[in-house]
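If you're wondering where the values come from, they're calculated on a predicted model, not measured in any experiment.
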Amino acid sequence: MDASGERCRGPVPLVMTGSLVPYELLVRTELASLGYAAASVTDAVRMMRRLSAWMERREFAPAELTPPRVEEFLAFRRAVCRSEPVARRSLGAVIRVLRGSGIVPAPAPAGGGAVEELLADYGAYLRGERGLAAESVRCYCGQARKFLAVLPDPLEESLVRLDAARVTAFMVRHTADADSVWSAKALVTAVRSLLRYLHVDGRIPASLTGAVPSVAGWRLGSLPRGLPPQEISALLAAPDLGTPAGRRDRAVLTVLARLGLRGAEVAALRLSDIDWHAGEIAVRGKGSRIERLPLPAEVGEALAGYLTGARPRCSATAVFVTVRAPYQALTGTCIRAIMGRACDRAGLPRLGAHRLRHSLATAILRAGAPLPEVGQVLRHRSQLSTAIYAKVDHAALRTLAQPWPEGGAR
């Protein structure tokens, strides 16, 4: 059994042999700079020695270490080693360093080069021309990929021949399979945006946005679903404060619940956004707007506890980072996962992070604040976005209800 816990046949090479010899120091230095523990660096170098020896026997050069050959090596390791996850994790760290330095080839883009190239241009347009946040760009591109994936190759010719009938047929088929009205609406919005971009960029001859049918769904047709205070308390108490991940998750949930931030906004927080002296926090909201909010004591304590006692020392500027090296900023998907784990530990059904935003708005309204103040807290640009919360203000709605006519039908 080696230091990584693997029970393997054959000794670990004592020194590096083969074509990866010149890169051992590079891997050691890079992994250490990324924050890997000394034991993890040792395990990665052990795996690098095995990989280099395997390549030497098969006469592979580093430039020939393609993703299929990496998988071939892992298959070889599975045959002689019981712990593939450990082997894959250690090898993954080595391959990332070698790929980042251009020593071994990177994997080909998933889904075809033409589609990925177009999506990269489309994403740059959304960021630069439309000013969309990173999470919005990710969602738009994900929906656009569904549409582009059904077009036959070559993509350029399919776009030139694209017509309204094909667009409508795609939308009817895919919106019928959507999980909810909101999922269908997200697809409609993204495909219309993509078609506008394709027309402006000259990739399709005519604007086809009119061929995208609307989804039946009425504004203010549903109620915002908040959580009662006891369930919010259970969520905040769910993370294990004895671990760095638990203290980070508690801080994330506290920011969501007490400031009403969106998940992507929590992921986008930077260390420089917190003004401890002024008691304020800067939030990067929709449309690339930066707005300042007061920093409540509960939120400040949760953030300070995480930053001083649980956040790893690293060069990342994000407030919330991964607990394992290489340390990277959390994404909106990570925030949703934190919310999901808290729900599981609190004995609640899995809920989205947005539910805490609804809960804060509902609590403020029921405490007697008018709707405009709720909109200010949630940073809505339009009062129409806040109007839906009027439905949960039962005390105010009772003043509008007319008495039932005496003797009328019941």
I would like to know whether Tyr23 and Met48 meet side chain to side chain contact (heavy atoms under 4.5 Å, CB included); could you show each step before the answer?
-> CA-CA 10 Å; Tyr23 311 114; Met48 185 178 177; 3.9 Å; yes
Residues forming a salt bridge (charged side-chain N to carboxylate O under 4.0 Å, His left out) with Glu157, sequence neighbours excluded | Arg161
Interatomic spacing from CG in Leu241 to CG in Asp249 - rounded to 0.5 Å | 10.0 Å
Smallest heavy-atom separation, Ala190 atom then Gln143 atom, equals CB-CB, 3.4 Å
Can you find a side-chain donor-acceptor pair between Tyr122 and Ser193 that sits under 3.5 Å?
-> yes
Considering non-hydrogen atoms only, spot the tightest contact between Val94 and Ala44 and give its length.
-> CG2-O, 3.3 Å
Under a 4.5 Å cut-off applied to non-hydrogen side-chain atoms, are Leu195 and Leu162 in contact?
-> yes
Find out whether Leu235 and Cys343 are in side-chain contact, i.e. whether some heavy atom of one side chain is under 4.5 Å from a heavy atom of the other.
-> yes
Quick one: pull up CZ in Phe147 and CG in Leu198 and give me the separation to the nearest 0.5 Å.
-> 7.5 Å
Going from CG on Leu155 to CD on Glu116, what distance comes out if it is rounded to the nearest 0.5 angstrom?
-> 11.0 Å
Approximate separation, where rounding is to 0.5 Å, of Leu20 CG and Phe60 CZ = 12.5 Å
State whether Arg345 and Asp240 are salt-bridged, where the test is any N-O pair (Lys NZ or Arg NE/NH1/NH2 against Asp/Glu carboxylate O) under 4.0 Å.
-> no
Please walk me through it: do Arg284 and Asp273 pass salt bridge (charged side-chain N to carboxylate O under 4.0 Å, His left out)?
-> CA-CA 9 Å; Arg284 291 171 171 79; Asp273 293 335; 2.4 Å; yes
Determine, stepwise, if the pair Phe73 / Arg50 fulfils side chain to side chain contact (heavy atoms under 4.5 Å, CB included).
-> CA-CA 9 Å; Phe73 172 72; Arg50 292 189 174 110; 4.2 Å; yes
Between Ile335 and Gly263 the two heavy atoms that sit nearest each other are CG1-O, 3.6 Å
Distance in Å, Met339 CE paired with Leu256 CG, rounded so as to fall on 0.5 Å steps = 7.5 Å
Take Thr322 and Arg248, measure what side chain to side chain donor-acceptor pair (under 3.5 Å) needs, and give me the verdict at the end.
-> CA-CA 9 Å; Thr322 54; Arg248 180 201 62 192; over 6 Å; no
Expected output: side-chain Ser158 to main-chain Pro152 donor-acceptor under 3.5 Å = yes
Atom CZ of Arg127 and atom OG of Ser136: how far apart are they, to the nearest 0.5 Å?
-> 12.0 Å
Any idea which heavy atoms bring Val21 and Ser52 closest together, and the distance?
-> N-OG, 4.4 Å
Arg196 atom CZ: more than 12 heavy-atom contacts under 6.0 Å = yes
Might you work through the side chain to side chain contact (heavy atoms under 4.5 Å, CB included) test for Arg89 and Met47, ending with a clear yes or no?
-> CA-CA 10 Å; Arg89 183 167 63 247; Met47 188 56 61; over 6 Å; no
Kindly indicate whether the side chain of Arg203, heavy atoms from C-beta on, has any atom under 4.5 Å from the side chain of Glu156.
-> no
Do Leu194 and Leu118 have side chains that get closer than 4.5 Å, going by heavy atoms?
-> yes
Please tell me if the side chains of Glu30 and Ser33 come closer than 4.5 Å, counting only heavy atoms from C-beta onward.
-> yes
Checking Arg166 side chain against Ala164 main chain: does a donor-acceptor pair fall under 3.5 Å?
-> no
Note: Leu293 and Leu261 closest approach over all heavy atoms is CD1-CD1, 4.0 Å
Short side-chain donor-acceptor distance under 3.5 Å, Thr66 and Arg69 | no
Side-chain donor-acceptor pairs of residues 302-316 under 3.5 Å, sequence neighbours excluded:
from: Tyr306; atom 1: OH; to: Val319; atom 2: O; distance (Å): 3.4
from: Tyr306; atom 1: OH; to: Val321; atom 2: N; distance (Å): 3.3
from: Thr308; atom 1: OG1; to: Ala304; atom 2: O; distance (Å): 2.6
from: Arg311; atom 1: NE; to: Ala318; atom 2: O; distance (Å): 3.4
from: Arg311; atom 1: NE; to: Val319; atom 2: O; distance (Å): 3.1
from: Arg311; atom 1: NH2; to: Ala316; atom 2: O; distance (Å): 2.9
from: Arg311; atom 1: NH2; to: Ala318; atom 2: O; distance (Å): 2.6

Taking the side chain as every heavy atom from C-beta outward, state whether Tyr197 and Asp121 have any pair of such atoms under 4.5 Å apart.
-> yes
Between Leu259 and Val283, is a side chain to side chain contact (heavy atoms under 4.5 Å, CB included) present by the stated rule, with each step listed?
-> CA-CA 10 Å; Leu259 292 180; Val283 178; 5.8 Å; no
How about Pro62 and Leu98: do any of their side-chain heavy atoms sit closer than 4.5 Å?
-> no
Using the test side chain to side chain contact (heavy atoms under 4.5 Å, CB included), find all partners of Ala278 that sit at least two apart in sequence or belong to another chain.
-> Asp275, Glu280
Does some side-chain heavy atom of Arg336 sit less than 4.5 Å from a side-chain heavy atom of His354?
-> no
Is Ser19 reaching over with its side chain to a backbone N or O of Ala61, donor-acceptor style, under 3.5 angstrom?
-> no
Could you pull out the closest heavy-atom pair between Tyr327 and Leu34, with the gap in Å?
-> CD1-O, 3.5 Å
